[in-house]
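Proteins get letters first, then strands, A, B, ... in listed order; numbering begins at 1 in each.
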Protein chains: 2
Amino acid sequence: MTGQVRTVDGRVAGRRGQETRQKLLDCLREMLSTSPYRDVKVIDVARMAGTSPATFYQYFPDVEGAVLEIAEEMAEDSGGLKELVDGKSWAGKTGFTTSEELVDGFLAFWRKNDAILRVVTLGAAEGDKRFFKIRMKVLNSVAAPLAEAVRNTQGKTDKTVDGSAIAGSLVTLLAAAAEHSKAFTSWGVKVKDLKPNLALQVYLGVTGKKPPK
Amino acid sequence: MTGQVRTVDGRVAGRRGQETRQKLLDCLREMLSTSPYRDVKVIDVARMAGTSPATFYQYFPDVEGAVLEIAEEMAEDSGGLKELVDGKSWAGKTGFTTSEELVDGFLAFWRKNDAILRVVTLGAAEGDKRFFKIRMKVLNSVAAPLAEAVRNTQGKTDKTVDGSAIAGSLVTLLAAAAEHSKAFTSWGVKVKDLKPNLALQVYLGVTGKKPPK
DNA sequence: CGGTAAGCTGACGGCATGACAGGACAAGTT
DNA sequence: AACTTGTCCTGTCATGCCGTCAGCTTACCG
């Protein structure tokens, strides 16, 4: 499915080329997590990878192009988040555990990929369709099954409930909370307290009820 | 309070100088809402203002410095958001109206300043203390009185409720929803439907009850 | 061993950055 | 009007990054 990896000028990349390419991506990833996005320069990435800027431009059109590559990789990886919701029960105490595990897993994923997700979020907010699409893919890996869960849990009793809207809000909240957990700290909410609070919100949103104690 | 406006090299800016400075800020604001942050260049801002890059550097250390200026101005302006919560009632139908107006006002503010807020959000996420502080000021203008409202409404009956955590979550959600309203559209939630949904979440969060119909 | 394609880089023109010195200008003084 | 003073702007320059290309090196294959 994925065609051969190609250089910008159309050559087919071989073993050595792919290694170099990968090293550049790794170094870029590293750069992104240590410097402001605005200050990430091709020359720095190349230097860190022990190669020259010209080599960088063989494999990527520019910094943004390489960032998109990393982001797409990360988006593929986000497929695993589905398992946090799919086939889980939202009834009673088990339901609250589902909620806790979802929050935990989602925050862990976001934290693991925080640097690249920061850039994706910015790009999406700026209206870049490619970044927007990637962001939606990540969010949808949770939002889609979650909307289904809402419909299954509340849809029968209350036809006015909009599963997509609720699931969307919850996922949006989780993403923002993960990205700005520091803000909560400054509100006097410790990271340990944050998780149960989010879990509570998720449980409330999905089931429409307060959790059993 | 605000000392005289000074140039980078320490001179006091006069009438004409302040005009130029302001024009540069206005043009930068404009640039930010039309180009990706990464691509905003001093030379473009200067050109748009009908002046030279050297002039820009007389008034600001760099693009970031000027952006901080705009952001601080915006943060001052955010003080007015307090009025959306202060002295409002959360009881019954009136309470839901309070919630609706809060959502409306907050989203309007965010939309009006979306370009600069995007950059502030990025800076805060990247760990820049100056941007973080500005972002907290904006969020706190709503979060602080909202936390108080939560304590007043639920704190009496339930000691385990953490007003700061709930208010923080709600404000975080509102900010993220404002910044990424497009995501909701792609989930099939129209902008018109988004507001009531958020209002519902806010009402639920503050009062702990479902709203009266 | 020679041919072919992949892989890498030095070098270059172009543009942005950031600093400085000096010219233009406004406003008051003599 | 000529002069003074301090503000304001820009031409210019050194530096550094961008993005491209020609050409050299390396690896593989018959």
Inset, instruction - Figure out the CD/P separation between A/Q18 and C/dG7, and round it to whole Å. - result: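 These atoms are roughly 8 Å apart.
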Would you indicate what [X] reaches in the nucleic acid, counting non-hydrogen atoms under 4.0 angstrom: base, sugar-phosphate, or nothing?
X: A/R11; answer: base
X: B/Y59; answer: sugar-phosphate
X: A/T7; answer: nothing

By ring pair (Phe, Tyr, Trp, His ring centres under 6.0 Å) - contacts of [X] (at least two apart):
X: A/Y57; answer: none
X: B/F96; answer: B/Y203
X: B/W110; answer: B/F106
X: B/F132; answer: none

Is any side-chain heavy atom of [Y] closer than 4.5 Å to one of [X]?
X: B/K137; Y: B/E76; result: yes
X: A/D26; Y: A/E30; result: no
X: A/L24; Y: A/M48; result: no
X: B/D44; Y: B/R47; result: yes

Legend entry - Stretch residues 21-35 of chain A: residues that reach within less than 4.0 Å of DNA chain D through a heavy atom: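 Result for residues 21-35 of chain A: none.
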Legend entry - Any residue meeting salt bridge (Lys or Arg N to Asp or Glu O under 4.0 Å) with B/K195, in chain and number order, not counting sequence neighbours: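 Scan of B/K195 (salt bridge (Lys or Arg N to Asp or Glu O under 4.0 Å), adjacent residues dropped) gives B/D104.
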Legend entry - Sequence-distant partners of B/K182, salt bridge (Lys or Arg N to Asp or Glu O under 4.0 Å), two or more places apart: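 With sequence neighbours excluded, B/K182 shows a salt bridge (Lys or Arg N to Asp or Glu O under 4.0 Å) to no residue whatsoever.
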Inset, instruction - Please identify each residue that fulfils side-chain hydrogen bond (donor to acceptor under 3.5 Å, both in side chains) with A/D128, with sequence neighbours left out. - result: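 Result, side-chain hydrogen bond (donor to acceptor under 3.5 Å, both in side chains) vs A/D128: A/R130.
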Legend entry - A/T55 vs C/dG7: side-chain N/O to OP1/OP2 distance below 4.0 Å: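 Result: no.
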Legend entry - Carboxylate-amine/guanidinium contact B/R111 B/E179, below 4.0 Å: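 Not counted as a salt bridge, because no side-chain N and carboxylate O are separated by less than 4.0 Å.
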Inset, instruction - Walk along DNA chain D from 5' to 3' and tell me the first and last nucleotide with an atom closer than 4.0 Å to a non-hydrogen atom of chain B. - result: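 Terminal contacting nucleotides, 5' to 3': D/dT7 to D/dG11.
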Short N/O separations, protein against nucleotides 13-22 of chain C, under 3.5 angstrom:
| unit_1 | atom_1 | unit_2 | atom_2 | d |
| --- | --- | --- | --- | --- |
| C/dT17 | OP1 | B/V42 | N | 3.3 |
| C/dT17 | OP2 | B/V42 | N | 3.3 |
| C/dT17 | OP2 | B/I43 | N | 3.3 |
| C/dG18 | OP2 | B/Y57 | OH | 3.0 |

Legend entry - DNA chain D stem ranges, 3 or more consecutive Watson-Crick or G-U pairs under 3.5 angstrom: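 So far as stems of 3 or more pairs are concerned, DNA chain D shows C:1-30 with D:1-30.
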Inset, instruction - List in chain and number order the residues that pass side-chain contact (heavy atoms from CB on, under 4.5 Å) with A/L32, two or more places apart in sequence or in another chain; answer none if no residue qualifies. - result: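 For A/L32 the side-chain contact (heavy atoms from CB on, under 4.5 Å) partners, ignoring immediate neighbours, are A/L28, A/Y37, A/V40, A/V67, A/A115, A/I116, A/V119.
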